Number of protein chains: 2
Amino acid sequence: MSQPDLAEKPRLPLSRERVLRAALELADEQGIDALTMRSLGRELGVEAMSLYNHVANKEAVLDGLVEVVMGEVLEAVDDVRLSSPAEWKPVTRRRILAAREVMLRHRWAPKVLESRTEIPAVLMRYLDGLLGLMLQGEFSADLAHHAMHAFGSRGLGFTQELFEEDTEMPAETVGMMAEQMAGEYPNLGEMLKVVTHDADTTLGWCDDQFEFEFGLDLILDGLERLRDAQRLT
Amino acid sequence: MSQPDLAEKPRLPLSRERVLRAALELADEQGIDALTMRSLGRELGVEAMSLYNHVANKEAVLDGLVEVVMGEVLEAVDDVRLSSPAEWKPVTRRRILAAREVMLRHRWAPKVLESRTEIPAVLMRYLDGLLGLMLQGEFSADLAHHAMHAFGSRGLGFTQELFEEDTEMPAETVGMMAEQMAGEYPNLGEMLKVVTHDADTTLGWCDDQFEFEFGLDLILDGLERLRDAQRLT
DNA sequence: ACCTGAACACCGTTCAAGT
DNA sequence: ACCTGAACACCGTTCAAGT
């Protein structure tokens, strides 16, 4: 057919934008390991090699994903000015939990973020905003600096997960596990026994969101105390 | 030569032990990315495929590395019994800093640990020990549970590094960077200016060990406070 | 029982060739 | 200017063949 392809799909041209959008979708739906240049090409109905016309290489794709995700974070937290220093704690708390919601939508994001060799500019922007809250909250520059380190990845809404989020289990099952475990791991066994027997205790087994907020509040409270101590001197 | 190889090196036979020792050395010296089945074979003067007679696959090698590293950690921290509950804080602190020393000797360890899909038994053993200290310190099972989550990877002596440890810089250089940065990142710029001008402030620029201990103490202090509050009820 | 060589199915990426 | 096909240099791993 020498006719111009009237019947064919418009097949909008490739672009960095489209490549990144496809990459995001792929990572969200199939995980970051499923994202290869070849699979990404397939998703776009194109050979893998065509992608190199729009992105330098795979690292550039990952950099782009970080930009997109951090963009979502920055959008979710754009309230910056405190009307009073006292607002520091609740505002910071809200901001970090908002960042966390974005991270939970893109579970691969922490891993990709961690794999960057240069600090992405979007991350700098976010950290600058977080630091701004501390300065407005009347932290000294020095204490604010330490605070940023103390937050670590928690400031972005995630923690290093030492073990995968387990599937939900009925309290009974956990109780049985406790029995089994008690032999090799006496303290874990004992803890599990108590935690699962008290009904009024934190529900069932590890609730990641609860634990995240627990750790976050521990740090926020500690920092506030240090700030107040520093003010008196 | 039909003679038996008297002159050749004894060439002690391969074994899981030897494979792991070579892997450890390779990872320590050249980084974890340089550890491939082929490079590991080369190190041992053998084809990559021979390794499969002694380890199931590459994942098994990484599992083995975790065992070795956590073994070093467990060795470094075998003091367990507290003579009094009050000892909880200093002993826990020492234990975690001892674990950190091992991690600093094997910089790839956090990444490998994080990549395990099952919780390694050696890790469980370590966590059980840490939990034991908390229980001896008269934490309730529930609070001890939350505390373990709050520690996260810090309990093992490392934090998620959002940016690589920069090379040491003279204070002047940092000062210049601050000027440059102030445009795009006003809060970071301001912080840097102050931090680098105060001579009596925390030395120079980010001291990782200092920041780690700062964050650790923040958590330990917070936990102790919660424990004492819980005791009164 | 252990080691090897060739091969397979995947990567990311280069490059000359097509349109 | 953009896309493609063949190819290269790497992975981890399988398997039949050697000793």
Side-chain angles (χ1 to χ4, degrees), chain A residues 1-24 26-27 30-66 108 111-112 115-118, chain B residues 1-24 26-27 30-66 108 111-112 115-118:
Chain A
M1 324 234 173
S2 59
Q3 265 191 328
D5 45 9
L6 292 173
E8 288 193 350
K9 282 229 189 77
R11 187 178 152 101
L12 55 164
L14 228 44
S15 68
R16 191 183 121 95
E17 230 84 334
R18 277 193 70 215
V19 169
L20 291 184
R21 204 155 41 215
L24 188 79
L26 224 161
Q30 304 188 43
I32 197 69
D33 290 337
L35 174 63
T36 70
M37 294 304 268
R38 281 170 170 89
S39 69
L40 187 50
R42 201 180 313 127
E43 202 79 357
L44 290 159
V46 102
E47 295 300 312
M49 300 71 200
S50 306
L51 302 172
Y52 288 85
N53 287 308
H54 303 95
V55 293
N57 49 34
K58 189 179 180 183
E59 286 302 290
V61 174
L62 297 179
D63 287 342
L65 286 184
V66 167
W108 44 269
K111 191 175 172 182
V112 173
S115 73
R116 300 306 80 202
T117 52
E118 302 273 314
Chain B
M1 326 239 173
S2 58
Q3 264 191 327
D5 43 10
L6 292 173
E8 288 192 349
K9 283 230 189 77
R11 188 177 152 100
L12 55 164
L14 229 43
S15 68
R16 189 183 123 96
E17 230 84 332
R18 278 193 70 215
V19 169
L20 291 184
R21 206 158 37 215
L24 188 79
L26 224 161
Q30 305 189 42
I32 198 68
D33 290 337
L35 174 64
T36 69
M37 294 304 268
R38 282 170 168 90
S39 69
L40 187 49
R42 200 179 315 126
E43 202 79 357
L44 290 158
V46 102
E47 296 298 313
M49 302 72 200
S50 305
L51 302 172
Y52 289 85
N53 288 307
H54 302 96
V55 293
N57 48 34
K58 190 179 180 182
E59 286 302 290
V61 174
L62 297 179
D63 287 342
L65 286 184
V66 167
W108 44 269
K111 191 174 171 184
V112 173
S115 71
R116 300 306 81 204
T117 52
E118 303 272 315

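Chain A is the first sequence line, chain B the second, and so forth, proteins listed ahead of strands; every chain is numbered from 1. Remember, predicted model here, so these are calculated numbers, not experimental data.
- Distance CZ (B:Arg38) to C1' (C:dG5): 12 Å, rounded to an integer number of Å.
- What separates CD1 of B:Ile32 from P of D:dC11 is a distance of 14 Å, to the nearest Å.
- Atom CG in B:Asp33 sits about 18 Å away from atom P in C:dC11, given to the nearest Å.
- Considering only heavy atoms from C-beta on, A:Val19 stays 4.5 Å or farther from A:Arg16 through its side chain.
- Considering CG of B:Leu20 and CG of B:Asp63, their distance stands at 10.0 Å, rounded to 0.5 Å.
- Under the salt bridge (charged side-chain N to carboxylate O under 4.0 Å, His left out) criterion, no residue pair touches residues 37-46 of chain A, with sequence neighbours excluded.
- One finds the CH2 atom of A:Trp108 at 4.5 Å from the CG atom of A:Leu65 (value rounded to the nearest 0.5 Å).
- Counting only Watson-Crick and G-U wobble pairs whose two distances sit under 3.5 Å, DNA chain C takes part in these stems of three or more pairs: C:4-8 with D:12-16, C:12-16 with D:4-8.
- Counting to the nearest Å, the C1' atom of D:dT4 and the CG atom of A:Leu44 are 16 Å from each other.
- The CG-P distance, from A:Leu40 to C:dC10, rounds to 18 Å in whole Å.
- In this structure, B:Met37 places its CE atom 13 Å from P of C:dC3, rounding to the nearest Å.
- Rounded to the nearest 0.5 angstrom, A:Asn53 CG and A:Ser15 OG are separated by 12.0 Å.
- A 4.5 Å side-chain heavy-atom check between A:Met49 and A:Met37 finds every atom pair outside the cut-off.
- Taking CG from A:Leu51 and NZ from A:Lys58, the interatomic distance works out to 11.5 Å, rounded to the nearest 0.5 Å.
- Considering every non-hydrogen atom in both A:His54 and A:Ser50, the closest pair reads ND1-O, 3.7 Å.
- The OG atom of A:Ser39 lies 4.5 Å from the CG atom of A:Leu26; values are rounded to the nearest 0.5 Å.
- The CZ-C1' distance, from A:Arg42 to C:dC11, rounds to 12 Å in whole Å.
- At a non-hydrogen distance threshold of 4.0 Å, A:Met49, A:Ser50, A:Asn53, A:His54 from residues 49-62 of chain A come into contact with DNA chain D.
- The separation between B:Arg16 atom CZ and C:dC2 atom P is 15 Å, rounded to whole Å.
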